[in-house]
Amino acid sequence: MRTDRCGDLRVGDVGRTVTLCGWVDRRREHGEHLAFVDLRDRSGVVQLVVDGAHDLRSEFVLRVTGTVRERPADTANDALATGAVEVDAQAVEVLAAAEPPPFPLDERTEVDEVLRLRHRYVDLRRPRLQRNLEVRARVNSAVRGAMEEQGFIEVETPMLVASTPEGARDFVVPSRKEPGSFYALPQSPQIFKQLCMVGGVDRYYQIARCLRDEDLRADRQFEFMQLDAEASFVSQDDVLAFISHAVAAAAEAVTGVRPGEIGRMSWEEAMERYGSDKPDVRFGMELVELTDVFAGTEFRAFQAPCTKGIRVPGGADTSRNRLDDLTERCKRWGAKGLVWMRVTPDGLDSPVAKFLTDDEQAGLRTAMEAEVGDLLLLVADERRTARHILGLLRLELGRPPVTEGGLHFLWVVDFPLFEALDEAGNPIPAHHPFTMPHEDDVHLLDGGDLLAVRSQAYDLVLNGWELGSGSVRIHRREVQERIFSLLGIGPEEAQAKFGFLLDAFRYGAPPHAGFAFGMDRLTAILAGEENIREVIAYPKTQSGADPLTDAPTPIDDRHLEELGLRVLPPAE
RNA sequence: GGUCCUGUGGUGCAGUUUGGAGUGCACGCCGGCCUGUCAAGCCGGAGGUCGCGGGUUCAAAUCCCGUCAGGACCGCCA
């Protein structure tokens, strides 16, 4: 149908007769016999010169044959890749008329997102999404290439799987042949990839669709894509190297620059310095340890297991209103309160300054390297609470936009094996129950401090986003049984939940380790987007609806009956 | 489950604090003029359930209550 793409035409094409197809991007009429029409396809736009264009309206689909010619002197458009040439249209065929679009297709109008989603097919024509889909395709391609270079082979795993009680809420699919039974859609191919290892596929990867029925966020959709990988006979360092190579290839494919080696930080250090297991290290404002400064304080609020603070450089002009708002926010996050102090030439301006001795005030200023004009924010609480609140506060006050500060990948290693104890005193796994404990901490499993046990689990973080996580897996039956027993999972329960994996391990399981990271998140950051919806062709809203198709929708009674289902009336 | 923000012609906004006639801006749309524009320009025109429901008031886009939709976040996401 066409000989060229609009955006490809250059001075070298002058004199050629070309046929182009595309949409009317814009039209400029100059009387009955001269008009300019910008014709757009995925490659870009080119200016057509048309004898009368009154019937060529916005977004009409055209097929145009004409001669490429150099633009007259002084009429070239440097802002356009094709700006030195134009196409003198001899034949214009309207392939499809179009109603005026529901919103402007230009780049400068920020359109309501529901409207964009309802007319996503129009939105996709806009430069932003055209660009983002291309970034996404490049990231996918680069990651695949990088994994295959390293000897990984792609294996697909099923979408209809058995529900497991662990982890996120499952999406379920009713079985017609076995009414009352359900498949689950996979939260990840975790167990299947481990079975691949037992099956001798010693380097597996897949760009896998994963589904979790949890509340949506800027960085979370019900369904998302993960680069899922697993390898046999490898160490943690090997896995980090494989994945580092893959994300570096993706970054290079988009930015043209290959990132340097990715640094590592222990989970404990990340929590102490940033109050987060996914620290955004693009900016400072690190958490400062102040417990010792107030060790003997008379001030009751600071007589806590842990006192930490952050320094907001130049923040002393923060209004009382804003400080009250931050205090409220901290309380909602679970803090008992927030202590603020403005550093002024006359000392610390704070409601609590009078409760602190001169030594304490001096010690505080030294520890925090406070300068006149700064704002100091302190939280005293249990250590995990103080870290958490200040970590959130730090992001609230200092986090730069996604497009600023460059790309800061970071490996967070040595995660704890257990994140807490439940009411029954059983530990709760921080990652998943197949995670191998750190070799140096295995002895703690027998009567030691369980919460101090580190694991061979690791996360990859990019600019404060958790890209993904992985671990060295337990491949020895006795270790797995020990973990299950600590978790309060008896042999029968273990067999019921993970029997097929445990069975598989009887038949010769190689030591193995793996990782998975979110392709949507990686793509969003590389595309300079704050929200993964901008790099997904057909995303859902925060409530999980699709304004384009109106999903989810009710199904008819006959369909329900066939599946053996009955819908309850809505709860009051 | 919770907190906060937003909702005004097709689109993006202002107007809401301090109630007084659907008032304004830009884009788009329709018609006309216009032979070198490129966010073309000029003239004219059409287009409104101020998200929805209730309340207060002589009077509500504006104040109050509820509700719906969207967004950000906390919880949740092994």
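Labels below follow one simple rule: chain letters A, B, ... track the order of the sequence lines, proteins then strands, and each chain is numbered from 1.
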| request: Kindly indicate, with the supporting measurements, whether the criterion ring pair (Phe, Tyr, Trp, His ring centres under 6.0 Å) is fulfilled by Phe192(A) and Tyr204(A). | output: CA-CA 10 Å; Phe192(A) 289 101; Tyr204(A) 144 96; 10.0 Å; no
| message | Quick test of your reading of the model: are Arg57(A) and Glu59(A) salt-bridged, counting only N-O distances below 4.0 Å? | response | no
| task | Would you mind classifying the nucleic acid contact of Glu86(A) as base, sugar-phosphate or nothing, using non-hydrogen atoms under 4.0 angstrom? | result | base
| task | Answer with yes or no whether Arg71(A) presents, from its side chain, a donor or acceptor under 3.5 Å of a partner atom in the base of U37(B). | result | yes
| request: Return yes when atom CZ of Phe182(A) has more than 12 non-hydrogen atoms of other residues, nucleotides or ligands closer than 6.0 Å, and no otherwise. | output: yes
| Watson-Crick or G-U wobble partner for U67(B), using a 3.5 Å limit on both distances? | G51(B)
| Nearest-Å distance once atom P is located in both G47(B) and U23(B) | 14 Å
| note | Answer for the Watson-Crick or wobble partner of U23(B), both distances under 3.5 Å, is A14(B)
| With a non-hydrogen cut-off below 4.0 angstrom, is Asn77(A) in contact with a base, only sugar-phosphate, or nothing? | base
| request: Just name whichever nucleotide pairs with A61(B), Watson-Crick or G-U, keeping both distances under 3.5 Å, else none. | output: none
| Picking from Lys193(A), Arg473(A), His475(A), Gln194(A), what satisfies side-chain hydrogen bond (donor to acceptor under 3.5 Å, both in side chains) with His512(A)? | Gln194(A)
| Could you state the NE2-P distance from His30(A) to C34(B), rounded to the nearest angstrom? | 13 Å
| Charged N to carboxylate O under 4.0 angstrom, Glu223(A) versus Arg212(A)? | no
| task | Could you tell me which nucleotide pairs with U35(B) by Watson-Crick or G-U wobble geometry, both distances under 3.5 Å, or answer none if nothing does? | result | none
| Comparing Arg329(A) and Val111(A) on RNA chain B - which has the more 5′ nearest nucleotide | Arg329(A)
| message | Tell me whether Asp170(A) contacts the main-chain N or O of Val172(A) through its side chain, where contact means a donor paired with an acceptor under 3.5 Å. | response | no
| query | Could you give the CD-to-C1' distance, from Glu59(A) to U11(B), as a whole number of Å? | reply | 14 Å
| message | Is it the case that the base of U37(B) and the side chain of Gln47(A) share a donor-acceptor contact (distance under 3.5 Å, atom types as modelled)? | response | yes
| request: Mind calculating the distance between CG (Asp106(A)) and C1' (G12(B)) to the nearest angstrom? | output: 10 Å
| query | If the P atom of U67(B) is compared with that of U3(B), how far apart are they to the nearest Å? | reply | 11 Å
| query | So what does Glu419(A) hit on the nucleic acid, given a heavy-atom distance under 4.0 Å: a base, only sugar-phosphate, or nothing? | reply | nothing
| message | Can you see whether Phe283(A) has Arg394(A) sitting over its ring - NZ or CZ less than 6.0 Å from the centre and within 45° of the normal? | response | yes
| task | Determine which nucleotide pairs with G44(B), using a 3.5 Å limit on both distances of a Watson-Crick or G-U wobble pair. | result | C30(B)
| note | Taken to the nearest whole Å, CZ/Arg116(A) to C1'/G12(B) is 14 Å
| task | Write down the partner of A72(B) under the Watson-Crick or G-U wobble criteria, each distance required to be under 3.5 Å. | result | U3(B)
| request: May I ask you to say what Ala76(A) touches in the nucleic acid, namely base, sugar-phosphate or nothing, with a heavy-atom cut-off under 4.0 Å? | output: base
| query | Whole-Å distance between U11(B) P and Glu99(A) CD? | reply | 14 Å
| message | Rounded to whole Å, how long is the line connecting atom CZ of Arg322(A) with atom P of C5(B)? | response | 13 Å
| Is Ala79(A) touching bases, backbone alone, or none of the nucleic acid, heavy atoms closer than 4.0 Å? | nothing
| remark: When rounded to whole Å, the CG to C1' distance for the pair Asp51(A) and C34(B) reads 15 Å
| Heavy atoms under 4.0 Å, any strand shown: does Ser58(A) hit a base, just sugar-phosphate, or nothing? | sugar-phosphate
| request: Just call it for Arg521(A): base, sugar-phosphate, or nothing, with non-hydrogen atoms closer than 4.0 Å on any strand. | output: nothing
| Between G36(B) (C1') and Asp78(A) (CG): distance, integer Å | 16 Å
| field | Arg384(A) atom CZ, over 12 foreign heavy atoms within 6.0 Å | value | no
| query | Taking the same atom, P, in G24(B) and in C68(B), what whole-Å distance lies between them? | reply | 35 Å
| query | Which residue pairs pass the side-chain hydrogen bond (donor to acceptor under 3.5 Å, both in side chains) test with at least one member in residues 453-464 of chain A, sequence neighbours excluded? | reply | Asp441(A)-Arg454(A)
| Rounded distance in Å between the P positions of C63(B) and G7(B) | 11 Å
| Do Arg116(A) and Asp112(A) sit within salt-bridge range, that is, some charged N less than 4.0 Å from a carboxylate O? | no
| note | For residues 484-495 of chain A, the side-chain hydrogen bond (donor to acceptor under 3.5 Å, both in side chains) pairs (sequence neighbours left out) are Arg482(A)-Ser485(A), Glu493(A)-Lys497(A), Gln495(A)-Asp503(A)
Output one line per pair: protein atom, nucleotide atom from nucleotides 69-76 of chain B, and distance, for all N/O pairs under 3.5 Å.
unit_1, atom_1, unit_2, atom_2, d
G70(B), OP1, Thr541(A), OG1, 3.1
G70(B), OP1, Ser543(A), OG, 3.0
G70(B), OP2, Ser543(A), OG, 3.1
G71(B), OP1, Gln542(A), N, 2.9
G71(B), OP2, Gln542(A), N, 2.7
G71(B), O3', Arg533(A), NH2, 3.1
A72(B), OP1, Asn531(A), ND2, 2.5
A72(B), OP1, Arg533(A), NH2, 3.1
A72(B), OP2, Gln542(A), NE2, 2.6
A72(B), N7, Gln542(A), OE1, 3.3
C73(B), OP2, Ala218(A), N, 3.3
C74(B), OP2, Arg217(A), NH1, 2.9
C74(B), N4, Arg217(A), NH2, 2.9
G75(B), OP1, His388(A), NE2, 3.2
G75(B), N7, Arg217(A), NH2, 2.8
G75(B), O6, Arg217(A), NH2, 2.6
G75(B), N1, Asp215(A), OD2, 2.8
C76(B), O2', Glu214(A), OE1, 2.9
C76(B), O2, Arg220(A), NH2, 3.1
C76(B), N3, Arg220(A), NH1, 3.1
C76(B), N3, Arg220(A), NH2, 2.9
C76(B), N4, Arg217(A), NH1, 3.2
C76(B), N4, Arg220(A), NH1, 3.1

Can you name the atoms? Protein N/O to nucleotides 31-33 of chain B N/O, anything below 3.5 Å, with the distance.
unit_1, atom_1, unit_2, atom_2, d
G31(B), OP2, Arg57(A), NH2, 3.0

| message | If we ignore hydrogens and angles and just use 3.5 Å, is the side chain of Gln187(A) paired with the main-chain N or O of Gly167(A) as donor and acceptor? | response | no
| request: Please state the P separation for the pair G55(B) and C13(B) - nearest whole angstrom. | output: 32 Å
| message | Can you list everything that forms a ring pair (Phe, Tyr, Trp, His ring centres under 6.0 Å) with Phe36(A)? Sequence neighbours excluded, please. | response | His30(A)
Between the protein and nucleotides 7-10 of chain B, list every N/O to N/O distance that falls short of 3.5 Å.
unit_1, atom_1, unit_2, atom_2, d
G10(B), O2', Pro102(A), O, 3.0

| query | In terms of heavy-atom contacts, does CZ of Arg383(A) have more than 12 from other residues, nucleotides or ligands at under 6.0 Å? | reply | yes
